[in-house]
Protein chains: 4
Amino acid sequence: MNEPATARRHQAEQRRLQLIDTALAVFAEKGVDGATVKDLSQAAGVAQGLLYHYFRSKDELLEAALERHYFLPELRRITALDRDRPAAEVLLEVVTRLAAMFRQHHLFMRVVLRESLSNPLVVERLERGRREAVRVLGDYLDSRVAAGELRPHDTETTARILAYAVAAAHLVGTPSDDFLPALVDTVLHGIIAQP
Amino acid sequence: MNEPATARRHQAEQRRLQLIDTALAVFAEKGVDGATVKDLSQAAGVAQGLLYHYFRSKDELLEAALERHYFLPELRRITALDRDRPAAEVLLEVVTRLAAMFRQHHLFMRVVLRESLSNPLVVERLERGRREAVRVLGDYLDSRVAAGELRPHDTETTARILAYAVAAAHLVGTPSDDFLPALVDTVLHGIIAQP
Amino acid sequence: MNEPATARRHQAEQRRLQLIDTALAVFAEKGVDGATVKDLSQAAGVAQGLLYHYFRSKDELLEAALERHYFLPELRRITALDRDRPAAEVLLEVVTRLAAMFRQHHLFMRVVLRESLSNPLVVERLERGRREAVRVLGDYLDSRVAAGELRPHDTETTARILAYAVAAAHLVGTPSDDFLPALVDTVLHGIIAQP
Amino acid sequence: MNEPATARRHQAEQRRLQLIDTALAVFAEKGVDGATVKDLSQAAGVAQGLLYHYFRSKDELLEAALERHYFLPELRRITALDRDRPAAEVLLEVVTRLAAMFRQHHLFMRVVLRESLSNPLVVERLERGRREAVRVLGDYLDSRVAAGELRPHDTETTARILAYAVAAAHLVGTPSDDFLPALVDTVLHGIIAQP
DNA sequence: GATGAATGAGTGTTCATTCAT
DNA sequence: AATGAATGAACACTCATTCAT
């Protein structure tokens with residue numbers, strides 16, 4: 001007997017997601033402050049007031065958007081590395097996947113980066129992702145050092161070099177196809193001429 | 001008879017610079033949109049109207065601040081590298097100087113990064129600095145390849161790795177003392193265990 | 001076959017009364033303007049839309065509440081005085097009953113007083129009650145003058161003094177037990193020392 | 001050298017007072033909640049924004065209006081009674097002055113009474129005035145009892161009867177010329193026929 | 001009968017900018 | 001040069017009311 005109610009609830013949930021998704025796009029385009037509630041509602045094709053039926057404030061809408069598109073779990077999957085496979089094989093794979101992830105969530109990334117200097121909510125989320133990525137990558141490198149494939153060295157710095165390079169390349173523009181292999185090659189073999 | 005006029009002009013110039021410098025600080029703290037004209041004038045200890053005596057608009061004040069603190073010339077000095085000195089010596093020097101420069105101009109950097117996704121004026125400036133740094137660094141690396149110190153490789157990518165790493169490390173927080181040497185060491189010698 | 005219809009109608013009437021009563025309480029607490037339709041529906045535990053099934057508008061709900069709780073008939077019963085009983089006996093009785101009536105209908109009174117300066121509907125209702133009370137009380141006093149118990153005087157003013165005192169005392173806070181007897185005593189005997 | 005600045009400051013002060021006075025009138029007419037900022041600014045013939053140059057919020061404007069028109073000092077002057085003059089002379093004088101004061105500050109009174117059930121700021125102010133009036137009047141009556149002019153009785157109640165009657169009469173409409181003398185006469189001599 | 005999604009006009013407030021002094 | 005009063009177009013948000021289900 002509550003099937004109609006279920007249908008309604010489903011429709012409401014769809015509307016909620018639609019509002020979140022269009023909001024993310026608008027936030028990415030104009031910035032959070034730059035995006036007016038009018039912008040947001042027009043982009044979704046609804047009246048301004050409806051936003052406040054679903055979210056208490058513009059800020060709560062932002063929060064919901066960040067929540068929905070947060071990719072930490074995905075990042076974990078990407079960096080769940082098989083410690084027995086050689087770095088020469090694995091590192092290119094992981095930076096490629098990272099780059100793909102950035103491409104896919106580029107709206108989210110734009111918003112996060114833009115707000116990361118002002119919005120404390122965002123700062124924390126960004127920082128958590130960064131730490132997670134660097135830590136997992138560093139652990140993997142340590143295990144490859146232990147396996148004798150890599151020489152003993154400051155693995156955390158290596159992890160950072162890789163992560164920063166992929167992230168920065170993505171921000172500056174889509175990195176060319178050559179960039180990622182060259183990055184991994186440089187980090188693995190260095191640039192000093194072999195004697 | 002024009003000495004007082006000169007004095008006046010001098011005083012006006014001082015006031016102009018004061019307005020610019022306090023504005024940069026306020027922009028860095030609150031963001032360009034977040035900083036109201038009232039904030040700016042109060043920080044400088046003057047009336048709101050005075051800002052419009054020196055600058056046509058809030059945006060022009062931003063422009064003037066970016067102009068005044070733009071560090072491209074300084075970047076050029078830093079990257080004016082002696083092509084005959086070995087990379088093993090030079091690279092640590094240059095990343096250290098880059099890091100110092102970021103530290104020194106951190107207010108400017110905060111403003112530029114925050115606005116880089118929205119303000120086209122800023123985008124262009126940032127991009128020019130980036131390209132300049134990467135190009136000069138790349139050229140230097142090429143010359144060291146030619147000199148036989150470095151193996152033939154994708155020098156632009158190396159230049160990017162270095163620049164991105166220094167910039168990103170600075171953004172995330174002040175890099176530790178170990179980071180820069182480790183960065184250079186990794187890039188020079190790679191991380192693969194020697195056979 | 002119309003018994004269920006009767007039951008339904010009965011239930012509907014109950015719901016109507018419930019909405020009215022909770023509305024009166026909310027109006028008293030927050031004021032008519034201050035009470036939102038959401039407040040009203042939440043207080044009644046129903047959806048907003050339902051209010052519009054029973055009442056055409058928020059204002060009509062207010063009207064219904066004023067209608068339902070209007071105490072003019074009760075006021076008439078209270079002031080239906082036996083003209084042959086002495087004032088010394090009757091007056092304390094009537095002010096006591098008046099005070100009790102104010103206490104009992106204090107939600108209604110709060111709403112009425114709050115709106116009496118803006119809502120013409122309310123103004124009229126309040127004024128009618130006031131006039132009725134003063135007139136009936138005045139008539140009674142006249143009859144006691146005719147009976148020789150009271151001296152000839154401006155009985156309307158006396159009626160007002162009594163009514164205003166009880167009403168104002170109630171508004172300022174619940175009057176102490178002493179107030180009403182002292183009020184009647186003062187009005188009856190005055191405060192001038194007897195020669 | 002600051003004369004022009006003084007003139008400007010003076011003009012600003014005049015504007016401030018004008019805004020307060022027109023606001024009081026609008027608040028009295030439409031109620032505080034019912035008066036929009038647009039109403040207030042239009043009544044003063046200025047742009048909406050200007051209100052916020054002088055007052056932080058609509059509420060602060062209300063506060064300023066209440067402050068400016070608060071008549072407690074005037075009430076004190078009115079009730080600074082000569083304790084040696086007979087009550088038969090003094091009481092009519094004081095209720096007449098009270099009535100005149102109510103007439104003069106009727107805008108203020110309307111606002112205060114309307115908000116007294118919701119705005120705590122207003123409640124406190126009203127209560128203070130009421131207590132002050134009742135206390136001073138009661139003290140005076142006590143001294144007349146001591147002087148033997150008045151019989152020993154509950155003087156606070158008498159004070160309340162007088163104050164409530166004048167206030168209520170004013171609220172209900174302007175009291176007729178007869179009301180005040182009749183009020184004082186009744187309170188002084190009572191209404192019981194002399195034996 | 002009952003729900004709550006949806007509307008849109010209107011609210012108090014902010015703010016870059018102008019201008020008379 | 002310097003002030004700050006004044007403007008008016010936004011802005012985020014509220015709310016009585018409507019309507020499809």
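Only a predicted model underlies this, so the values are computations on that prediction, with no experimental measurement involved. Numbers restart at 1 for each chain; the letters A, B, ... are given by sequence-line order, proteins then strands.
We find that CZ of B/Phe27 is positioned 12 Å from C1' of E/dA16, with the value rounded to whole Å. Atom NE2 in D/His53 sits roughly 17 Å away from atom P in E/dC19 (whole-Å rounding). The CZ atom of B/Arg16 sits 12 Å away from the P atom of F/dA1 (whole-angstrom rounding). Regarding D/Leu40, its CG atom lies at a distance of 17 Å from the C1' atom of F/dT7, rounded to whole Å. Here the C1' atom of nucleotide E/dT3 and the CZ atom of C/Arg15 are 12 Å apart, to the nearest Å. Taking atom CG of residue D/Leu51 and atom P of nucleotide E/dT11, one finds them 14 Å apart after rounding to whole Å. Summarising the geometry, the separation between CZ on B/Phe55 and P on F/dA1 is reported as 12 Å, rounded to the nearest angstrom. Between the CG atom of A/Leu19 and the C1' atom of E/dA6 there is a distance of 11 Å, rounded to whole Å.
For the pair D/Arg125 and D/Tyr70, the distance from NZ or CZ to the six-membered ring centre is under 6.0 Å and the angle to the ring normal is within 45 degrees.
Among the atoms of the strands shown, only primed sugar atoms or phosphate atoms (P, OP1, OP2) are found under 4.0 Å from some heavy atom of C/Tyr54.
With a 3.5 Å ceiling on both atom-pair distances, the Watson-Crick or G-U wobble partner of F/dT3 is E/dA20. Base-pair partner of E/dT13: F/dA10 (Watson-Crick or G-U wobble, both distances under 3.5 Å).
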Protein proximity profile, nucleotides 10-15 of chain F - base contact B, sugar-phosphate-only contact S, no contact -, cut-off 4.0 Å on heavy atoms: -SSBBS

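Using modelled atom types and a 3.5 Å distance limit, the side chains of A/Gln11 and A/Arg8 yield no donor-acceptor pair.
Side-chain contact check for D/Ile20 versus D/Tyr54: every heavy-atom pair is 4.5 Å or farther apart. Using a 4.5 Å heavy-atom threshold, the side chains of B/Thr22 and B/Leu40 count as separate. Between A/Val32 and A/Lys58, the closest side-chain pair of non-hydrogen atoms falls below 4.5 Å.
Put simply, the side chain of A/Arg114 never gets that close to the backbone of B/Arg114: no donor and acceptor are under 3.5 Å apart.
Using cut-offs of 30° and 60° for the angle between ring planes, the C/Phe71 and C/Phe108 rings count as perpendicular.
When each of C/Val46 and A/Val46 is assigned the nucleotide of DNA chain E bearing its nearest heavy atom, the one mapping closer to the 5' terminus is C/Val46.
Side-chain proximity of C/Ala47 to the nucleotides E/dT3, E/dA6, F/dA6 is greatest for E/dT3.
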